[in-house]
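A quick write-up on the structure given underneath.
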Amino acid sequence: MKFTATEVAGAFIVEPEILSDERGSFFRTFCSDTFAAQGLATTYPQCNVSTNRQRGTLRGLHFQAEPGAEVKLVRATHGRVFDVAVDLRPDSPSYLKWAAVELDAARHNAFYIPTGCAHGFLTLEDDCALFYQMSAPYTPELARGVRWDDPAFAIAWPFAPAVIGKRDAACPDFTEEVVR
Ligand SMILES: Cc1cn([C@H]2C[C@H](O)[C@@H](COP(=O)(O)OP(=O)(O)O[C@H]3O[C@H](C)C(=O)[C@H](O)[C@H]3O)O2)c(=O)[nH]c1=O
């Protein structure tokens, strides 16, 4: 497994070692010993799937406030998405910075997003699916959001969303209150 640091402290691109032969391929997507050696979360009590019909679907930017803050290990299982993490940790060297990864089901790459970061994505083609491993259970009352086009982050999305949920589109401008 290869871990590549990004512009957000503690967020890594995770690329598996792909073993191919005449039948196809085999690769390890997660290993607690390898993740522990990298200082990354090794317990993911909940896993989620997101399916998205149309190119240009934007979901996010979401996170859970403490004490439910969660690490997300996200990968595309169908299609390609522009996947973004935004650092909302005031004490982080990359506070308010963002990192983007093109998650591609054909390349089997993943994005490790630490606690204290918001996550969102824009689908780059029709029929994209994502698989999430979450290091903490879903707690609705701790669910928070920041807006995809908030000037506080100035994320360079490849194009404007064609489909976005009402809640995501209506997130207020970022203030430090939102992370509490
Ligand atoms: C995360 C989650 C949600 N839900 C319920 C809550 C809603 O009734 C419904 C859809 O949830 P949400 O609107 O948060 O789904 P997305 O807008 O796709 O957000 C997801 O994708 C963005 C990019 C993320 O990073 C979030 O982790 C994840 O919430 O599922 C659950 O029942 N369990 C869960 O673990």
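Keep in mind that this is a model prediction, so the values were computed, not measured. Just follow the structure's listing: the first ligand is 1, and inside any ligand the first atom is 1.
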Checklist line | ligand 1 contact by E70, heavy-atom criterion under 4.0 angstrom | finding: no
Check: Do L88 and L96 have side chains that get closer than 4.5 Å, going by heavy atoms?
Finding: yes
Check: Say you draw a straight line from CD of Q64 to CZ of R144; how long is it, rounded to the nearest 0.5 Å?
Finding: 9.0 Å
Note to self: Quick check on contacts: which atoms of ligand 1 are under 4.0 angstrom from a heavy atom of M134?
What the structure shows: 27 (O)
Check: Counting only non-hydrogen atoms of the protein, does one fall under 4.0 Å from atom 4 (N) of ligand 1?
Finding: yes
Next item on the list: Would you check if R89 and V8 make a side-chain contact, meaning some heavy-atom pair closer than 4.5 Å?
Entry: yes
Checklist line | Under 3.5 Å side-chain donor-acceptor pair for N52 and S50 | finding: yes
Note to self: Please check whether S50 reaches ligand 1 - meaning an N/O of the residue sits under 3.5 Å from an N/O of the ligand, judged on distance alone.
What the structure shows: no
Notebook entry, point to check: What residue and atom, counting heavy atoms only, is the protein's closest point to atom 34 (C) of ligand 1, and at what distance?
Noted result: Y138 CG, 3.2 Å
Notebook entry, point to check: Given F121 and V84, is the side chain to side chain contact (heavy atoms under 4.5 Å, CB included) satisfied, shown in steps?
Noted result: CA-CA 6 Å; F121 64 85; V84 175; over 6 Å; no
Check: Under 4.0 Å from atom 20 (C) of ligand 1, is there any protein heavy atom?
Finding: yes
Next item on the list: Kindly state if atom 23 (C) of ligand 1 has a protein heavy atom within a strict 4.0 Å cut-off, that is, under 4.0 Å?
Entry: yes
Item checked: Non-hydrogen side-chain atoms of E15 and N109 separated by less than 4.5 Å -> yes
Check: Considering only heavy atoms from C-beta outward, does the side chain of L73 approach that of V71 to under 4.5 Å?
Finding: no
Margin query: Using side chain to side chain contact (heavy atoms under 4.5 Å, CB included), reason through F3 and L40 one step at a time and then give a plain yes or no.
Written below: CA-CA 11 Å; F3 297 86; L40 306 182; 3.6 Å; yes
Margin query: Using side-chain heavy atoms (C-beta onward) and a distance below 4.5 Å, is P158 in contact with L124?
Written below: yes
Item checked: 4.0 Å heavy-atom contact, Y132 with ligand 1 -> yes
Next item on the list: Do me a favour and list the nearest non-hydrogen protein atom to atom 28 (C) of ligand 1 with residue, atom name and distance?
Entry: H62 ND1, 3.9 Å
Margin query: Heavy atom to atom 15 (O) of ligand 1, shortest distance: which of Q64, Q46, R59 holds it?
Written below: R59
Margin query: I need the contact type for N48 against ligand 1. Using non-hydrogen atoms and a strict under-4.0 Å cut-off, is it side chain, backbone, both or neither?
Written below: side chain
Note to self: For atom 27 (O) of ligand 1, what's the nearest protein heavy-atom neighbour? Residue, atom name and distance, please.
What the structure shows: K72 NZ, 3.1 Å
Notebook entry, point to check: Counting each atom of ligand 1 from 1 as listed, which ones have a heavy atom of H119 under 4.0 Å away?
Noted result: 23 (C), 24 (C), 25 (O)
Check: So, for H119 and Y132, is the gap between ring centers shorter than 6.0 Å?
Finding: yes
Check: To which protein heavy atom is atom 13 (O) of ligand 1 closest, and what is the distance rounded to 0.1 Å?
Finding: R167 NH2, 2.8 Å
Note to self: Pairs of nitrogen or oxygen atoms closer than 3.5 Å, one from D168 and one from ligand 1: do any exist?
What the structure shows: no
